[in-house]
Structures are given as structure tokens and as C-alpha cells.
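Take a look at the structure set out below.
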Amino acid sequence: MKKIYACFSSDVLHEGHYNIIREAKKYGHLIIGVLTDEAMIRFDRYPTIPFEKRYQLYQNIAEADEIVIQDSVSYEKILRKLKPDYVIHGDNWQHNEQSGIRENVIATLREWNGELLEVPYTVNEEVRKIDRVMREKLAMPEFRRKRLKELLRLRPIVKALEVHSGLTALIAEKTIVQDHEELDQYDAMWISSLCDSTAKGKPDIELVDMSSRLRTIDDVMDVSTKPIILDGDTGGLVEHFVYNVRTLERMGVSAVIIEDKTGLKKNSLFGNEVVQTQDSIENFCAKIQAGKRAQRSEDFMIIARIESLILEKGMEDALTRAHAYVSAGADGIMIHSRKKDPEEIFAFCDAFRKQNETTPIVVVPTSFNSVKEEELAQHGINIVIYANQLTRSAFPAMQKTAVSILKHHRAKEADHALMSIKDIITLIDEIE
Ligand code: SPV
Ligand code: MG
């Protein structure tokens with residue numbers, strides 16, 4: 001009897017899947033692969049039900065003769081193990097970001113004369129509705145909020161991209177790339193004080209107040225499902241911070257990072273070129289403790305950011321503070337540096353991890369940008385934040401266009417670098 005393999009990643013079975021299953025069954029022994037959570041979040045959206053439930057869902061398919069686990073987006077490993085005569089899939093992956101995965105399937109099957117069968121992909125009203133409902137569920141505060149902690153368990157390193165508007169949130173939400181037979185995407189979003197302020201043409205000195213920051217968060221939440229890490233600056237007055245913790249939690253923000261500075265806050269990348277004052281360990285611990293007492297859910301994280309290396313107070317000071325902040329209840333620490341290489345960040349992380357193996361470490365490699373994620377993870381770092389690159393890429397592009405139009409007294413010369421009108425009007429999903 002011939003063997004046919006199909007892999008599914010959906011939480012809900014719909015007509016499109018049944019169509020594939022019915023077709024597959026005509027060829028013989030049907031093996032269904034269930035994608036693990038780790039693989040699913042690289043490839044598609046976040047699962048709305050745990051892996052065990054998804055596995056059960058596929059077990060209940062009457063036509064399935066065998067259920068197996070596929071633990072990577074690439075089919076290569078599972079295909080070599082099963083050596084099926086056929087793989088069946090919808091034809092939608094011929095021209096999307098999965099085309100490389102498809103080519104790899106064809107090449108792998110060729111090793112034993114196996115064949116890829118493709119059925120027309122079903123997009124009807126029911127399929128669109130299921131997708132919409134899933135996304136809406138993921139955007140709900142109770143789902144979104146806990147997702148960062150879940151990702152810390154699922155990912156070797158959580159990748160966050162800076163966003164400051166609905167449009168930038170869509171980029172963080174939807175950008176998917178092929179990466180060595182796998183797919184990759186961002187895990188989370190960072191709402192930077194620098195970029196949120198810059199987008200408003202204001203300096204990064206806690207001038208853009210919390211009401212305005214909440215407005216940005218709401219714009220981002222409106223069009224996305226990924227978890228949000230808020231740059232909470234110094235956290236402000238303790239008496240205000242406790243209210244803000246509740247508000248952020250209620251909205252579905254996953255984490256706030258507060259930095260141990262006091263007085264008029266300046267951007268860290270200025271270092272000691274401007275006057276910046278670090279808070280005392282005692283005061284900052286009191287702020288963390290007050291925030292943790294105010295918090296109502298298990299999911300929300302208060303992450304303490306240490307500015308000792310930025311302010312050249314030394315490694316010992318950074319480590320003393322890190323351990324003190326964790327003892328005060330911080331759910332994670334962020335260590336910042338404006339050095340061009342990551343040596344002091346690695347020295348800090350290695351020393352911290354000797355005494356503390358579990359508390360998540362966050363870094364922002366803006367200055368030390370040559371380091372790759374894998375190396376960060378090897379030093380025990382759990383979250384990497386790309387804190388300002390979207391803003392820094394958009395500004396020169398817009399400025400160049402403005403100059404070109406002014407110089408040429410028309411827009412024609414700028415046009416080759418612009419997104420087409422057709423693309424821009426279809427960029428935004430409409431609610432049906
Ligand atoms: C921000 O993005 O606003 C930050 C990170 O706080 S940094 O600008 O590097 O200080
Ligand atoms: Mg900031």
C-alpha cells in the first residue's frame with residue numbers, strides 16, 4: 001500500500017483541510033503530521049490551543065491512518081524517516097514565502113522517487129472567517145499578555161522589533177522570511193520611548209506622556225496580535241507607576257522595562273556626554289516592589305534595566321544592581337551598553353548567569369550590532385530588541401523623496417523608489 005503524507009498546522013479544521021484529506025485518502029495509507037508549537041510560531045501565527053489539543057484534533061480524523069509529530073517547518077527530517085510515496089499540500093505555497101520549503105520537499109522526495117501532489121487551495125468565506133476569528137482571539141488582552149512568557153519557554157531567543165504606529169506594527173506582525181529551509185519572523189514588538197517620541201518630533205526625555213504612549217499602544221494593538229514590551233523610561237514616580245502597571249496589564253501589554261535613572265531622563269545612547277543620574281539601588285528596588293504589588297495577573301512582567309555600563313559605573317555595580325533588582329521582584333533584567341563590541345555585555349551576562357540561571361536577560365544591540373542572535377543566546381540572553389531600526393530606515397527614505405520633489409519640481413524622479421499605489425491600497429486588511 002502506498003504511503004501519503006500531509007502536514008497541518010491549523011487549530012481548526014475547515015473545508016480546505018477536508019478537501020486535502022479526501023484527496024489524499026485515494027492514494028493509500030494517510031499519515032498526518034502535526035506541527036509542534038515551536039515550528040508553528042516560525043511559520044504561521046501563534047497557536048490558539050496547546051499542542052496536545054491540536055494533536056487530538058488530528059487523531060479524530062477518521063481518514064487518518066497514522067499521526068506523527070513534525071518538529072520543524074522543513075519537511076526534510078520527517079520525510080527521510082517516513083519515506084512516503086507522496087506528499088500532499090495546497091497549491092498556495094508555490095508563490096508565497098513557503099516556496100523554498102516546497103522546493104526542498106520536491107528534492108527530498110526525489111531521493112526515493114516520491115512525488116508532490118498539489119490540490120487547489122481553498123479560500124472561501126468560511127476559511128477566511130476562521131482565520132479572522134483566530135487572529136481576533138490572539139489579539140485579546142488575556143491571550144496577548146501571557147504570550148511573552150510562553151515565547152520565553154519556546155524560543156532560544158525572543159526577537160522584538162520596534163514599532164510606533166499601526167503601519168510599523170503591521171510590518172512586525174507580517175514580515176516572514178525564508179531562512180535555511182525554515183521560516184522566520186519576529187516574536188514581539190518594542191514600543192521605544194526614543195522612536196515614539198521621534199515620530200512625534202519630540203525629544204526622548206519623558207516629555208511624551210503616558211496618555212500619549214497608551215494611544216500608540218492602542219494603535220499597535222488594533223492591527224496586530226504579537227506581544228508588546230513597553231519602554232517605560234524611568235517608570236516615573238512610584239505613586240504613578242503602580243497605576244500604569246494596572247493599565248498596561250489590563251490592555252494586554254506583556255512587559256514594561258523601567259530603567260534605573262532619576263531626574264530628567266536622557267537617551268542612554270548619549271552616555272555621559274549629557275548629565276544623567278542613576279537612581280539608588282534602594283529607591284529603584286522600592287519602585288519594582290510597588291509595581292509587583294500592584295500587578296494582578298501572573299502574566300505581566302516588570303523588567304529592570306541597568307544603566308551602570310552606560311554611565312561607566314563599572315561591572316561590579318551592574319552586577320550588584322542586577323541581583324538586587326531580581327531580589328526585589330523583577331521578572332527580568334535588561335543590560336545596556338553603547339560600546340561598539342559586545343564584550344562588556346557578554347562579561348556581564350556570563351557573570352550574572354553564574355549566580356542566576358533563570359531570570360530572563362534582555363539586550364538592545366544598537367551599538368554592538370555586528371553580534372548575531374545565536375551568539376547572544378549562547379551567553380544566556382533571552383530577548384533581543386531591535387529598538388530603532390525601522391524609524392532610522394524610514395526617515396532618510398522620506399527625506400530623500402522630499403528633497404527630490406523639491407529639486408525636480410515634480411515627483412517623477414522619486415517614483416522608482418516608491419511603493420506602488422496598487423500595493424499601498426491593498427496593504428491594509430479590511431474587516432469584512
Ligand atoms: C529606546 O528605544 O527608547 C531605548 C533604547 O530606551 S535606547 O535608545 O538604546 O536607550
Ligand atoms: Mg527609551
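Sequential numbering from 1 along the given sequence is applied to the chain's residues.
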Check this for me: K400, atom NZ, are more than 12 non-hydrogen atoms of other residues, nucleotides or ligands nearer than 6.0 Å? no

May I ask you to test the D331-F300 pair for a side-chain heavy-atom distance under 4.5 Å? no

Student check: side-chain heavy atoms of I361 and C349 closer than 4.5 Å: yes

Take atom CD1 in I421; do more than 12 heavy atoms of anything else shown fall under 6.0 Å from it? no

Side chain of K261, backbone of K266: donor and acceptor closer than 3.5 Å? yes

Contact between I405 and E413 at the side-chain level, heavy atoms closer than 4.5 Å - yes or no? no

Does the side chain of K292 pick up a donor-acceptor pair with the side chain of Q295 at under 3.5 Å? yes

Before giving the answer on side-chain contact (heavy atoms from CB on, under 4.5 Å), spell out for D85 and E115 the whole-Å C-alpha distance, their side-chain angles and the decisive distance to 0.1 Å. CA-CA 6 Å; D85 301 284; E115 201 186 322; over 6 Å; no

Return the orientation label for the Y58 and F8 ring planes: parallel under 30°, perpendicular over 60°, tilted otherwise. parallel

Candidate pair E298 and K149, rule salt bridge (Lys or Arg N to Asp or Glu O under 4.0 Å), full reasoning: CA-CA 10 Å; E298 284 289 303; K149 279 198 172 171; 5.7 Å; no

Verdict with supporting geometry, K265 and S193, side-chain contact (heavy atoms from CB on, under 4.5 Å): CA-CA 11 Å; K265 191 219 76 157; S193 68; 3.3 Å; yes

Salt bridge (Lys or Arg N to Asp or Glu O under 4.0 Å) between R135 and D131: does it pass, once the steps are laid out? CA-CA 6 Å; R135 285 183 196 280; D131 189 58; 3.3 Å; yes

Side-chain donor-acceptor contact under 3.5 Å, S192 with D231: no

Atom NZ of K53 with >12 non-hydrogen neighbours under 6.0 angstrom: no

Report yes if the distance between the aromatic ring centroids of H323 and F352 is under 6.0 Å, otherwise no. yes

Answer yes if the side chains of E76 and N104 hold a donor-acceptor pair under 3.5 Å, and no otherwise. yes

Of L79, V34, L35, I32, which meets side chain to side chain contact (heavy atoms under 4.5 Å, CB included) against Q70? L35

Could you check whether T168 and S165, counting side-chain N and O atoms only, form a donor-acceptor pair closer than 3.5 Å? yes

Should the heavy atoms of other residues, nucleotides or ligands under 6.0 Å from CD of E357 be counted, would the total exceed 12? no

Are W93 and Y75 an aromatic pair by the rule of ring centers under 6.0 Å? yes

Among all residues two or more places apart in sequence or in another chain, which pass the side chain to side chain donor-acceptor pair (under 3.5 Å) test with D179? none

Donor + acceptor pair across side chains of E63, Y18 (<3.5 Å): no

Treating R353 as the side-chain partner and N356 as the backbone partner, does any N or O pair qualify as donor plus acceptor under 3.5 Å? yes

Sub-3.5 Å donor-acceptor pair from the side chain of R147 to the main-chain atoms of A188, do we have one? no

Salt bridge (Lys or Arg N to Asp or Glu O under 4.0 Å) between K159 and D187, intermediate numbers included: CA-CA 5 Å; K159 296 188 260 221; D187 301 295; 5.8 Å; no

Any chance the side chains of S337 and E344 put a donor and an acceptor closer than 3.5 Å? yes

May I ask you to check whether T225 and E173 show a side-chain donor-acceptor distance below 3.5 Å? yes

Can a donor-acceptor pair be found between the side chains of S297 and K146 at a distance below 3.5 Å? no

Is the ring pair F346/H379 parallel, tilted or perpendicular, if the boundaries are 30 and 60 degrees? parallel

Distance alone, cut at 3.5 Å: any donor-acceptor contact between the side chains of R338 and T366? no

Taking the side chain as everything from C-beta on, heavy atoms only, tell me whether E38 gets closer than 4.5 Å to I41. no

Regarding Y325 and R321, is there a side-chain donor-to-acceptor distance under 3.5 Å anywhere? yes

Can E15 and H17 be said to form a side-chain hydrogen bond (donor to acceptor under 3.5 Å, both in side chains), step by step? CA-CA 5 Å; E15 194 42 41; H17 303 116; over 6 Å; no

Could you go through D209 and R213, starting from their C-alpha distance and side-chain angles, then the distance that decides it, and tell me whether this counts as salt bridge (Lys or Arg N to Asp or Glu O under 4.0 Å)? CA-CA 6 Å; D209 69 5; R213 307 290 309 280; over 6 Å; no

Verdict with supporting geometry, L390 and F395, side-chain contact (heavy atoms from CB on, under 4.5 Å): CA-CA 9 Å; L390 285 194; F395 187 84; over 6 Å; no

With a 4.5 Å cut-off on side-chain heavy atoms, are V256 and I303 touching? no

Verdict with reasoning, M251 to I217, per side-chain contact (heavy atoms from CB on, under 4.5 Å): CA-CA 9 Å; M251 287 177 84; I217 295 172; 3.8 Å; yes

